Amino acid sequence: MDYNFIEIERKWQEYWASHKTFRAEPDSSKPKYYVLDMFPYPSGAGLHVGHPLGYIASDIFSRYKRLKGFNVLHPMGYDAFGLPAEQYAIQTGQHPEKTTHQNVARYRQQLDRIGFSYDWDREFRTCDPDYYKWTQWAFLKMFGSWYDNVLQKARPIEELVAAFEKGGSAAVDAANNDAPVFTAEQWKAFSEKEKSDVLMHYRIAYQGESTVNWCPALGTVLANDEVKDGYSERGGHPVFQKKMVQWQLRVSAYAGRLLEGLDRIDWTDSLKEMQKNWIGKSQGAEMVFKVRNGEEEYDMTIFTTRADTVFGVTFMVLAPESEWVPKLTSPDRKEAVAAYLDQVKKKTERERIAGKAVTGVFSGSYAINPLTGDSVPVWISEYVLAGYGTGAIMAVPAHDSRDYAFARKFDLPIIPLIEGADVSEESFDAKEGIMMNSGFLNGLDVKEAIPAAIDYVEAHGIGRRKINYRIRDAIFSRQRYWGEPFPIYYKDGIATPVPEDKLPLTLPEIDEYKPTETGEPPLARAKNWTFDGFPLEKSTMPGFAGSSAYYLRYMDPHNDNALVSPEADEYWRSVDLYIGGTEHATGHLIYSRFWNKFLYDLGYVCEDEPFRKLINQGMIQGRSNFVYRIVNTNTFVSAGLKDGYETTEIHVDINLVRNDRLDIEAFKAWRPEFATAEFILENGEYVCGWAVEKMSKSMYNVVNPDQVCDDYGADTLRLYEMFLGPVEQSKPWDTKGIDGVNRFLKKVWRMFWDRDTFLVNDEAPTPAELKSLHKLIAKEQDDIEHFSYNTTVSAFMIAINELQGCSKRAILEPLLILLSPFAPHIAEELWHQLGHADSITYAAFPAYNPAYTAEDNVKYPVSFNGKTRFMVDLPKSMGPAEVEAAVRAHEMTAKYVGDMTISKVIVVPGRIVNVVLKK
RNA sequence: GCGGGCGUGUUGAAAUUGGUAGACAAGCAAGACUUAGGAUCUUGUGCCCCGUGCGUGUGGGUUCGAGUCCCACCGCCCGCACCA
């Protein structure tokens with residue numbers, strides 16, 4: 001019998017599906033393990049060979065954990081709302097649901113061929129009403145909650161109302177956005193509309209005005225993580241800053257917990273670092289400066305991390321969008337300021353970032369330095385951001401490079417505050433040195449001066465300690481069609497939740513998917529988009545809404561009464577292993593953690609961190625091939641000879657190339673213009689050039705997993721993707737080595753079959769065979785736990801080489817179990833040929849017996865091919881003579897010493913003895 | 001600019017975490033069996049002045065011992081980027 005992978009793989013995939021082999025149900029008799037892949041957005045292009053990398057790694061882990069006796073939850077589904085399907089719908093008029101449906105079907109087909117052990121009964125799409133009912137439900141919970149800064153948790157809004165009735169706005173310390181101040185009496189006197197407006201400043205899902213990323217080309221706002229370098233991540237359109245009223249999620253309230261939680265989860269340092277930067281904690285102080293515009297005087301608060309430098313403040317700067325700008329613009333500066341604001345507004349986000357040019361305008365007002373009493377001018381400049389701190393800063397040009405550049409440009413004074421700092425060419429930003437020109441701070445080191453300055457400021461009532469976070473609230477509405485509708489309607493202008501029992505609020509049909517002519521979102525086209533006779537919200541939720549709690553839904557996907565039942569949640573708890581790309585570091589992975597913590601606060605889930613361990617799989621890049629056409633001819637020169645000619649590099653379809661050798665006939669047939677091509681060969685072959693590039697159609701370097709499954713089988717694909725290198729590492733796809741992996745599987749097959757003879761026998765294994773087997777067991781266990789799959793595959797190859805010709809059941813049976821996570825189809829087939837009726841999935845991972853691999857106490861014996869050293873583990877109190885005697889007497893070491901004399905014995909602390917031998 | 005990571009044969013990569021550098025593959029070369037092979041099986045394969053020499057980006061250091069730890073430099077990748 002031959003190794004017919006096509007037949008074998010089809011057979012077992014059908015078997016697993018029909019027997020529901022991988023179905024997972026809560027079972028208190030077994031420990032649980034939850035392995036999750038970041039579910040894909042089903043794009044029209046289908047899967048390429050890079051997508052399954054992480055899925056294969058997680059599948060191996062799932063299958064391994066099952067063998068280890070765990071009850072494994074390993075689900076899959078689709079992140080199905082999103083822009084590409086909608087853009088396609090706008091162009092073609094096709095309902096996005098239809099394209100999504102087609103793409104999902106194609107993804108499923110491709111996934112199925114690779115033999116994943118998903119529990120497909122738990123599959124869902126985020127665009128299913130049964131699913132997005134719970135996205136809407138969570139939104140309503142956020143709408144109906146506020147964040148208590150004292151208890152550090154979300155609480156129902158009714159409790160806030162009760163507090164207001166007792167003590168007005170001063171009764172609570174709550175996360176809010178510029179909430180007004182009022183007494184209990186005032187609160188009680190408020191109208192319904194006024195109360196609703198006040199509460200809107202406290203809700204965790206709230207409507208508020210803020211500076212947002214507006215993308216005119218897409219006709220929608222975008223969240224910060226959806227903007228890259230001033231362009232939209234999807235489509236690459238320019239993005240502008242604009243003040244708008246939008247739905248937002250109060251993620252900022254959770255900043256501290258999002259940061260602190262990172263210490264308790266097992267993620268890579270780089271990813272934690274990215275999240276830390278994104279959250280951007282900075283400790284400093286708020287300080288109040290009196291500002292004066294003519295006769296008008298105000299208290300203006302600024303934020304600084306360098307309270308120690310307050311004696312060097314020579315001017316103040318406001319962000320152009322700051323609400324202080326109109327208040328502090330003096331009548332004679334109105335025109336200049338207006339012109340400047342106009343100029344700033346016209347710039348795209350990109351231009352603001354890229355153009356590092358220093359710009360600004362004097363407001364005409366002055367501020368009083370609270371420590372020195374000096375009067376300093378107030379300027380307006382785009383280098384100050386409206387969204388961070390208070391949107392206003394004190395400028396210390398001597399010790400801040402941005403302030404320095406500004407002072408130089410506009411010729412403002414620079415006062416050095418640190419002894420020996422030379423500020424003639426650039427600012428001195430380092431937080432070190434001895435203070436001077438700073439009144440009571442003189443003589444202190446900067447590190448002492450910062451707290452001393454804040455203490456002083458607090459004692460004199462002109463400021464207080466403050467921690468600022470860079471993370472902003474997430475803009476939650478999109479002016480788009482293909483997303484979850486908001487379960488909110490406007491009753492007499494008051495945003496009112498659609499009752500929970502009316503969910504899901506399903507997406508209405510519309511005839512065109514574009515925004516309306518008047519610039520309203522597409523849902524404005526829907527007929528009768530009302531609830532209870534009142535208009536419904538017309539924007540929809542963003543892509544990350546549906547992916548923020550999907551891991552919870554997998555625990556209990558068909559529950560109509562809850563996102564997840566308490567029982568299912570208590571059993572599965574959180575994701576033990578999450579595998580996906582780094583690109584979600586500051587998007588999905590922040591939002592999910594926020595969302596989960598919110599549900600945790602309200603008692604809907606029992607764990608406050610959703611993903612215990614996270615592995616980032618690297619990207620698989622394409623490996624493109626090139627041919628070199630001599631300029632103005634139809635002659636192609638082989639890569640090794642091309643330097644002698646002037647050539648053009650042309651991408652050639654990698655399917656026409658094998659091991660960088662061009663199939664000339666296929667190339668001629670590829671495109672008409674190449675039919676008459678001539679070739680300059682080296683050694684009778686045409687050698688192609690190559691380069692690592694992104695895998696894409698236009699570079700003719702896309703490798704499709706179906707193709708690999710056709711040519712080599714899914715087991716080879718799985719093994720090969722793991723063999724390529726560490727899972728976390730990005731690497732180019734290169735089929736060069738795939739034959740080696742395929743050969744390995746054929747060797748495994750030949751341990752069972754010699755043509756039509758089944759070789760397996762019941763002979764007892766030799767110690768050498770047992771040693772090979774147990775070495776492999778130890779290695780596989782250790783490597784899988786550390787996600788080092790490439791070395792496991794190598795260990796298999798070594799074991800198979802060592803076990804060549806061995807067809808003993810006692811060896812082969814455990815070997816198949818070990819192989820089954822990696823190459824499940826061939827393992828399952830041979831397992832059944834050994835007479836087992838049940839799936840290999842239910843077998844137990846072979847027990848490791850160290851007796852077969854023990855090397856005694858000789859840690860690093862030398863094989864004596866020229867080398868003359870080895871190390872033994874002996875007490876360090878021994879002298880050289882004793883060591884020699886011990887080494888000669890010892891069964892293991894004696895054979896290494898042989899007839900040599902020991903020339904040198906080096907005793908190292910820690911019972912290590914290094915023995916040097918001499919002939 | 002700030003932060004994180006990396007640098008090992010012709011190539012992908014190993015190295016039990018401070019202890020035989022280059023495992024295992026790929027490629028290449030030679031051979032065997034074959035009408036044939038992109039099948040299968042042997043064997044060889046870091047470098048050179050072949051000493052018993054030199055080798056893990058470069059230079060120094062710690063150590064009996066360094067790819068691994070420390071310092072400086074060079075080069076590459078990723079993330080953030082006017083966050084006061």
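Predicted, not measured: the structure shown is a model, and the values here were computed from it. Hydrogens, waters and symmetry mates play no part in the numbers below; they use all other heavy atoms, side chains included.
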Discussion item. What contact category does A:Asn801 fall into here, base, sugar-phosphate, or nothing, at under 4.0 angstrom with non-hydrogen atoms?
Written reply: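 Touches sugar-phosphate only.
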
Return the value, rounded to whole Å, for the distance between atom [atom1] of [X] and atom [atom2] of [N].
| X | N | atom1 | atom2 | result |
| --- | --- | --- | --- | --- |
| A:Asn742 | B:A26 | CG | P | 11 Å |
| A:Met619 | B:C78 | CE | P | 9 Å |
| A:Tyr388 | B:C80 | OH | C1' | 14 Å |
| A:Glu321 | B:C82 | CD | P | 13 Å |
| A:Glu382 | B:C82 | CD | P | 11 Å |
| A:Asn616 | B:G79 | CG | C1' | 12 Å |
| A:Lys775 | B:C24 | NZ | P | 10 Å |
| A:Phe289 | B:A84 | CZ | C1' | 12 Å |

Please state the [atom1] separation for the pair [N] and [M] - nearest whole angstrom.
| N | M | atom1 | result |
| --- | --- | --- | --- |
| B:C71 | B:G3 | P | 14 Å |
| B:G67 | B:U58 | C1' | 15 Å |
| B:U56 | B:G22 | P | 14 Å |
| B:A15 | B:G59 | C1' | 25 Å |
| B:U11 | B:C47 | P | 12 Å |
| B:C73 | B:G4 | P | 16 Å |
| B:U17 | B:U68 | C1' | 7 Å |
| B:G51 | B:G38 | C1' | 43 Å |

Worksheet item: Can you tell me how far OG of A:Ser772 sits from CG of A:Leu776, rounded to the nearest 0.5 angstrom?
Response: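 With rounding to 0.5 Å, CG (A:Leu776) is 9.0 Å from OG (A:Ser772).
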
Fill in: Gap separating the NZ atom of A:Lys466 from the OG1 atom of A:Thr301, nearest 0.5 angstrom
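One finds 10.0 Å between NZ of A:Lys466 and OG1 of A:Thr301.
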
Practice prompt. Show the numbers, then the answer: is there a side-chain contact (heavy atoms from CB on, under 4.5 Å) between A:Arg306 and A:Lys431?
Written response: CA-CA 9 Å; A:Arg306 295 293 302 274; A:Lys431 289 187 189 176; 3.7 Å; yes

Fill in: Glycosidic class, syn or anti, of B:U17 using a 90° window around 0
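In terms of base orientation relative to the sugar, B:U17 is syn.
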
Worksheet item: Base of B:G46 relative to its sugar, syn (within 90° of 0) or anti?
Response: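 B:G46: anti glycosidic orientation.
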
Near [X] [atom1], under 6.0 Å, is it more than 12 heavy atoms from other residues, nucleotides or ligands?
| X | atom1 | answer |
| --- | --- | --- |
| A:Asp2 | CG | no |
| A:Glu426 | CD | no |
| A:Met797 | CE | yes |

Checking side-chain polar atoms at under 3.5 Å, does [X] have a donor or acceptor matched by the opposite partner on [Y]?
| X | Y | result |
| --- | --- | --- |
| A:Asp473 | A:Ser252 | yes |
| A:Ser427 | A:Asp400 | no |
| A:Thr359 | A:Glu382 | yes |
| A:Thr791 | A:Ser788 | yes |
| A:Asp739 | A:Tyr712 | yes |

Item to complete: Could you check A:Gly740 against A:Asp403 and say which one's nearest nucleotide on RNA chain B is further toward the 5' end?
Response: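 Its nearest nucleotide lies further toward 5', so the answer is A:Gly740.
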
Worksheet item: So which one's nearest nucleotide on RNA chain B is more toward 5', A:Met394 or A:Trp278?
Response: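 By nearest-heavy-atom nucleotide position, the 5'-most residue is A:Trp278.
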
Enumerate the protein-to-nucleotides 12-14 of chain B contacts in which both atoms are nitrogen or oxygen and the separation is below 3.5 Å.
residue: B:G12; atom: O2'; partner: A:Leu724; partner atom: O; Å: 2.6
residue: B:A13; atom: OP1; partner: A:Gln729; partner atom: NE2; Å: 2.5
residue: B:A13; atom: O3'; partner: A:Asn790; partner atom: ND2; Å: 3.2
residue: B:A14; atom: OP1; partner: A:Asn790; partner atom: ND2; Å: 2.9

Check: protein-nucleotides 39-44 of chain B nitrogen or oxygen pairs below 3.5 Å:
residue: B:U40; atom: O3'; partner: A:Arg750; partner atom: NH2; Å: 3.2
residue: B:C41; atom: OP1; partner: A:Arg750; partner atom: NH2; Å: 3.0
residue: B:U42; atom: OP1; partner: A:Gln804; partner atom: NE2; Å: 3.1

Practice prompt. Check the angle between the aromatic planes of A:Phe787 and A:Tyr789 and answer parallel, tilted or perpendicular using the 30° and 60° thresholds.
Written response: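 Answer is perpendicular, since the angle exceeds 60°.
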
Item to complete: For the residue pair A:Phe796 and A:Phe822, categorise the inter-ring angle as parallel (less than 30°), tilted (30 to 60°) or perpendicular (more than 60°).
Response: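 Answer is perpendicular, since the angle exceeds 60°.
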
Item to complete: Using ring-ring contact (aromatic ring centres under 6.0 Å, His included) as the criterion, list what pairs up with A:Tyr686, not counting sequence neighbours.
Response: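 ring-ring contact (aromatic ring centres under 6.0 Å, His included) check on A:Tyr686 returns A:Phe679.
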
Kindly give the atom pairs (protein nitrogen or oxygen, nucleotide nitrogen or oxygen) under 3.5 Å for nucleotides 2-9 of chain B.
residue: B:G3; atom: O2'; partner: A:Glu273; partner atom: OE2; Å: 3.4

Worksheet item: Would you say the side chain of A:Gln275 lies within less than 4.5 Å of the side chain of A:Leu258, judging by non-hydrogen atoms?
Response: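 Contact flag for A:Leu258/A:Gln275 side chains = no.
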
Practice prompt. Answer yes or no: is there a side-chain heavy-atom contact under 4.5 Å between A:Ile393 and A:Phe303?
Written response: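 A side-chain contact is absent here, since even the closest heavy-atom pair is not under 4.5 Å.
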
Discussion item. Please give me every residue in residues 466-474 of chain A whose heavy atoms get under 4.0 Å of an atom in RNA chain B, ordered by residue number.
Written reply: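 Within this stretch, A:Arg470, A:Arg472 sit under 4.0 Å of the strand.
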
Worksheet item: Out of A:Val741, A:Ile56, A:Asn790, which residue meets the side chain to side chain contact (heavy atoms under 4.5 Å, CB included) rule with A:Leu719?
Response: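 For A:Leu719, the side chain to side chain contact (heavy atoms under 4.5 Å, CB included) check succeeds only for A:Val741.
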
Worksheet item: Can A:Glu802 and A:Lys771 be counted as an ion pair, charged N to O under 4.0 angstrom?
Response: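 Result for this pair is no, no salt bridge flagged.
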
Worksheet item: Given Watson-Crick or G-U pairs with both distances under 3.5 Å, what dot-bracket string fits RNA chain B, with | for other-strand pairs and [ ] for crossing?
Response: (((((((..(((......[....)))((((((.......))))))(((..).))..(((((..]....))))))))))))....

